[in-house]
Amino acid sequence: MGIKVIGITSSINELTKSINKGIETELRSKALMALADVKLLTPVDMGIARNSWYIGYTEKYVNAKETSTSISILAPKDKPTKIIITNGTEYIEFLNNGHSQQAPTKFIEQAFSKYFDNVEVQTINNN
């Protein structure tokens, strides 16, 4: 006597897609919360640095002449590559290194570490 299960492969595939979609939704949600936190932590003089945060999948928004700071936080399944959060101001790295009394040193890492275990902050040269 044997048992034959029909449609188990398609059920497993659908379950896998559903799980991946749930994970991606959760990661995107966390990315948006981290973005809101880093905006609030960004020091304000004229508001340029605070208003220069950008979130996207593939492109890095660069508003600076030569450098910008990018935070790569995840690589969702079936999506372009990763969610990238960028600040194109030339001096965001200096602010993050403690050159403002309005925010602690490494405030970018602090904001994202609240939601993600692995946070990589990169300086991108646009030469």
Side-chain angles (χ1 to χ4, degrees):
M1 182 168 155
I3 298 174
K4 184 174 183 179
V5 179
I6 299 173
I8 189 120
T9 302
S10 64
S11 294
I12 291 172
N13 289 340
E14 288 300 316
L15 182 59
T16 301
K17 286 179 186 177
S18 179
I19 289 170
N20 287 339
K21 184 173 175 75
I23 290 170
E24 181 192 349
T25 299
E26 180 67 19
L27 291 174
R28 288 176 59 163
S29 174
K30 286 183 176 185
L32 290 171
M33 289 187 291
L35 177 64
D37 284 1
V38 79
K39 278 185 154 190
L40 288 175
L41 287 172
T42 303
V44 176
D45 181 13
M46 297 186 324
I48 296 169
R50 182 174 281 181
N51 291 325
S52 293
W53 289 105
Y54 170 82
I55 186 168
Y57 271 120
T58 56
E59 66 278 356
K60 295 173 177 71
Y61 173 74
V62 178
N63 193 13
K65 293 176 186 168
E66 295 183 10
T67 63
S68 66
T69 297
S70 172
I71 302 95
S72 299
I73 53 177
L74 62 109
K77 250 186 171 342
D78 301 326
K79 292 294 178 197
T81 51
K82 55 181 99 173
I83 291 178
I84 300 170
I85 299 175
T86 304
N87 189 308
T89 56
E90 295 177 11
Y91 51 88
I92 193 68
E93 184 178 5
F94 297 107
L95 294 175
N96 194 44
N97 288 333
H99 289 278
S100 172
Q101 294 182 359
Q102 293 181 24
T105 301
K106 304 294 181 194
F107 71 92
I108 295 173
E109 290 87 340
Q110 178 183 330
F112 286 90
S113 294
K114 183 176 172 183
Y115 302 97
F116 300 98
D117 292 332
N118 298 317
V119 177
E120 180 183 342
V121 177
Q122 302 171 340
T123 299
I124 303 164
N125 292 319
N126 300 312
N127 294 338

Just distance, no hydrogens or angles: give the donor-acceptor pairs under 3.5 Å from side chains in residues 38-46, sequence neighbours left out.
{"unit_1": "Thr42", "atom_1": "OG1", "unit_2": "Val38", "atom_2": "O", "d": "2.6"}
{"unit_1": "Thr42", "atom_1": "OG1", "unit_2": "Trp53", "atom_2": "NE1", "d": "2.9"}

Under 3.5 Å, which donor-acceptor pairs do the side chains of residues 7-14 form with other protein atoms, sequence neighbours left out?
{"unit_1": "Ser10", "atom_1": "OG", "unit_2": "Gly7", "atom_2": "O", "d": "3.0"}
{"unit_1": "Ser11", "atom_1": "OG", "unit_2": "Gly7", "atom_2": "O", "d": "3.0"}
{"unit_1": "Asn13", "atom_1": "ND2", "unit_2": "Thr9", "atom_2": "O", "d": "3.4"}

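Listed by first and then second residue, the salt bridge (charged side-chain N to carboxylate O under 4.0 Å, His left out) pairs involving residues 94-103 amount to none (not counting sequence neighbours). Judged as a side-chain hydrogen bond (donor to acceptor under 3.5 Å, both in side chains), the pairs with a partner in residues 99-111 (not counting sequence neighbours) are, in order, Asn96-Glu109, Asn97-Lys106.
At least one side-chain heavy atom of Asp37 sits less than 4.5 Å from a side-chain heavy atom of Tyr115.
Scanning for side chain to side chain contact (heavy atoms under 4.5 Å, CB included) contacts around Asn51 gives an empty result, with sequence neighbours left out. Lys17 meets the side-chain hydrogen bond (donor to acceptor under 3.5 Å, both in side chains) test with no other residue; sequence neighbours excluded.
Atom CG of Leu95 is separated from atom CZ of Phe107 by 5.5 Å, given to the nearest 0.5 angstrom. Interatomic distance, Ile48 CD1 to Thr89 OG1, rounded to the nearest 0.5 Å: 8.5 Å.
The two residues Phe116 and Ala34 come nearest to each other via the heavy atoms CE1-CB, 4.3 Å. Considering every non-hydrogen atom in both Asn87 and Ala49, the closest pair reads ND2-O, 2.8 Å.
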